[in-house]
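Please read the structure below before turning to the comments.
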Amino acid sequence: MKTWTVRAVQEVTYRVQETTDVFSPDNDALAAAAQFRPDAKRLVVIDAKVDELYGDVMRGYFRSRGVDAKVLAIAAEEPHKSSDSVFTIVRGADSLGISRRSDPIIAVGGGVLTDIVGLAANLYRRGTPFVRIPTTLVGLVDAAVGAKTAINFNKHKNRLGSYYPANHTLLDRTFLRTLPVRHIRNGLAEVIKIGAIKDAALFELVERGMDDLLGTNLTSPLWDAVIDRAVSGMLDELERNLWEHELCRVVDFGHTFSPRLEMLGEPTLLHGEAVAVDMAWSSALAFARDRLTAEELRRMLGVLAAAGLPLNHPYCTPSSLWAALDDTTKHRDGHQHLPIPAGLGNAVFVENLRFDELVRASEILEAFLRDGSFQ
Ligand SMILES: NC(=O)c1ccc[n+]([C@@H]2O[C@H](COP(=O)([O-])OP(=O)(O)OC[C@H]3O[C@@H](n4cnc5c(N)ncnc54)[C@H](O)[C@@H]3O)[C@@H](O)[C@H]2O)c1
């Protein structure tokens, strides 16, 4: 009997580009990214809250460009990260009759919205191009720059999804002006993550500039530098392992225990907050393994606290985190691959974590929260 072996390589090129006032009629960035032609029609999927804030300006922009835009405003918070939302979008694509290659879907919103639209675009006709315009800090530095799409399923975080990058992502920080400060703090968790595991200079920028970062000037040079380093660091990690053939990923720092915690805690616990709690526990584990000094652990926990992020959560017990690790180990194909900081700005992987180490991490965090000690 004969055997056929097929081998193919999936190469991809996509662009992440900064712009300002993307819906200003004289800004050409979106027209170029979404390939506007005369009489173009475009499906625009926008977070309903973002639509309330920017919908009029956005519609004016499409009118000024002569684009027939069908705007689909959907609720896009974590509980809406579901198959229902995906089917709402593919129904919209179907009713507009968009072409398979030349009518990119435009996604405008936070990480939830861009994750959902990405999956819908990937499923529709087995792949329709899309363009992302993130409107949150999490979106700008993380969710909208990579290749992953997802919805939650069966109370599991991001259980259904794909690798399907947008052809083009436009980063426009002016959207952050209306973002509630809790969501700025939330996005800082992902920035701190990049600093802690691979960019000590970014870590220090955030640490020293925290008051300014949480102030009102979201277009300051400090923010320029922070976003530039965070996006560059993220893309540097993603580009060499975009399809995640390699499951040891330093950018998974903060993403080992947090998926389960986030699902247990939704809707009150935000993504970045769950990531922050995970980073605090993982850093305590690093201290217990002599990978962080007491001073480094103090700085790590200090920067999270200064950002207004939680260090612990009532759902976090050694047992619940052990269960979370068990599920994540399956996600990592039977390996813990648990990233912990090794000094600030570097990371190593743990493959043999024991339950008693979680007990010790719990004691370390409790002592720190009680009186700032580690005893
Ligand atoms: N695909 C990836 O690689 C990746 C990476 C990181 C996070 N994520 C996902 O991203 C999601 C979290 O994203 P998020 O933090 O952006 O949350 P989100 O999408 O829920 O948005 C946060 C809130 O801000 C509102 N909002 C959005 N833009 C606004 C603006 N400019 N002004 C005022 N309000 C605005 C939204 O309506 C929402 O209420 C999680 O589901 C997470 O799993 C995905």
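Just so you know, ligand 1 is whichever comes first in the structure, and atom 1 is the first atom listed for that ligand. Heavy-atom basis, side chains included; hydrogens, waters and symmetry copies ignored.
- For the pair Asp236 and Arg229, the salt-bridge criterion is not met [side-chain N within less than 4.0 Å of a carboxylate O].
- Under 4.0 Å from ligand 1, not a single heavy atom of Leu270 appears.
- Salt-bridge check for Arg249 with Glu237: failed, with every basic side-chain N at 4.0 Å or more from each acidic carboxylate O.
- No hydrogens or angles considered: nothing links the side chains of Thr88 and Asp84 as a donor-acceptor pair under 3.5 Å.
- Counting only non-hydrogen atoms, the option in Thr178, Asp172, Ile116 that gets closest to atom 33 (C) of ligand 1 is Thr178.
- There is a side-chain donor-acceptor pair under 3.5 Å between Asp26 and Ser24.
- Interface atoms of ligand 1 facing Lys49, defined by a heavy-atom separation under 4.0 Å, are 37 (O), 39 (O).
- Which parts of ligand 1 touch Leu53 is read off a 4.0 Å heavy-atom cut-off, strictly below it: atoms 32 (N), 33 (C).
- Looking at heavy atoms from C-beta onward, His168 lies in side-chain contact with Gln17 at the 4.5 angstrom threshold.
- Proximity of Leu176 to ligand 1, defined as any heavy-atom pair under 4.0 Å, is not found for any part of the residue.
- Counting heavy atoms only, Gly111 comes closest to atom 13 (O) of ligand 1 of the residues Ala150, Gly111, Ala76.
- Checked by atom type, the side-chain pair Thr178/Tyr54 shows a donor-acceptor distance below 3.5 Å.
- You'll find the side chain of Ile133 reaches within 4.5 Å of the side chain of Ile106, heavy atoms only.
- With hydrogens left out, the protein atom closest to atom 36 (C) of ligand 1 is Asp47 OD2, 3.1 Å, a heavy atom.
- Of all protein heavy atoms, the one lying nearest to atom 20 (O) of ligand 1 is Val112 CG2, 3.4 Å.
- Relative orientation of the Trp322 and Phe355 rings is perpendicular, given thresholds of 30° and 60° on the angle between their planes.
- Under 4.0 Å from ligand 1, not a single heavy atom of Leu137 appears.
- Between Glu273 and His313, the side chains place no donor N or O within less than 3.5 Å of an acceptor N or O (distance only, hydrogens not considered).
- Between Asp327 and Lys157 there is no salt bridge, since no side-chain N of the basic residue sits under 4.0 Å from a carboxylate O of the acidic one.
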### Query
Under the side chain to side chain contact (heavy atoms under 4.5 Å, CB included) criterion, do Ile98 and Arg42 qualify, and how do the steps go?
CA-CA 8 Å; Ile98 60 174; Arg42 289 290 175 272; over 6 Å; no
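- Among protein heavy atoms, atom 43 (O) of ligand 1 sits closest to Lys157 NZ, 2.8 Å.
- When Thr328, Asp326, Thr256, Thr329 are each tested for a side-chain contact (heavy atoms from CB on, under 4.5 Å) with Gln336, only one passes: Thr329.
- With hydrogens and angles left out, the side-chain atoms of Asn122 and Ser162 include a donor and acceptor closer than 3.5 Å.
- Listed by number with element, the atoms of ligand 1 under 4.0 Å from a non-hydrogen atom of Asp115 are 1 (N), 2 (C), 8 (N), 9 (C), 44 (C).
- Lys148 and Asn158 form no side-chain donor-acceptor contact under 3.5 Å, judged by distance and modelled atom types alone.
- Taking distance alone, with nitrogen or oxygen atoms compared against 3.5 Å, Glu77 approaches ligand 1 more closely than that limit.
- Closest to atom 5 (C) of ligand 1, if we only count protein heavy atoms, is Asp142 OD1, 3.1 Å.
- Using a 4.0 Å heavy-atom cutoff, Arg177 is absent from the residues neighbouring ligand 1.
- Closest to atom 16 (O) of ligand 1, if we only count protein heavy atoms, is Thr136 OG1, 2.6 Å.
- Of the protein's non-hydrogen atoms, the one nearest atom 41 (O) of ligand 1 is Glu78 OE1, 2.6 Å.
- What sits closest to atom 15 (O) of ligand 1 on the protein, heavy atoms only, is Asn186 ND2, 3.2 Å.
- Atom 28 (N) of ligand 1 has its closest protein heavy atom at Thr135 OG1, 2.8 Å.
- For ligand 1, the atoms closer than 4.0 angstrom to any heavy atom of Lys81 are 9 (C), 40 (C), 41 (O), 42 (C), 43 (O).
- The distance from ligand 1 to the heavy atoms of Ala143 drops below 4.0 Å at these ligand atoms: 1 (N), 2 (C), 4 (C), 5 (C), 6 (C), 7 (C), 8 (N), 44 (C).
- Atoms of ligand 1 lying under 4.0 Å from any heavy atom of Phe175, numbered from 1 in the order shown and given with element: 30 (C), 31 (N).
- Residue nearest to atom 29 (C) of ligand 1, selected from Leu113, Leu179, Val138: Leu179 (by heavy-atom distance).
- The atoms of ligand 1 that sit less than 4.0 Å from any heavy atom of Val50 are 27 (C), 28 (N), 29 (C).
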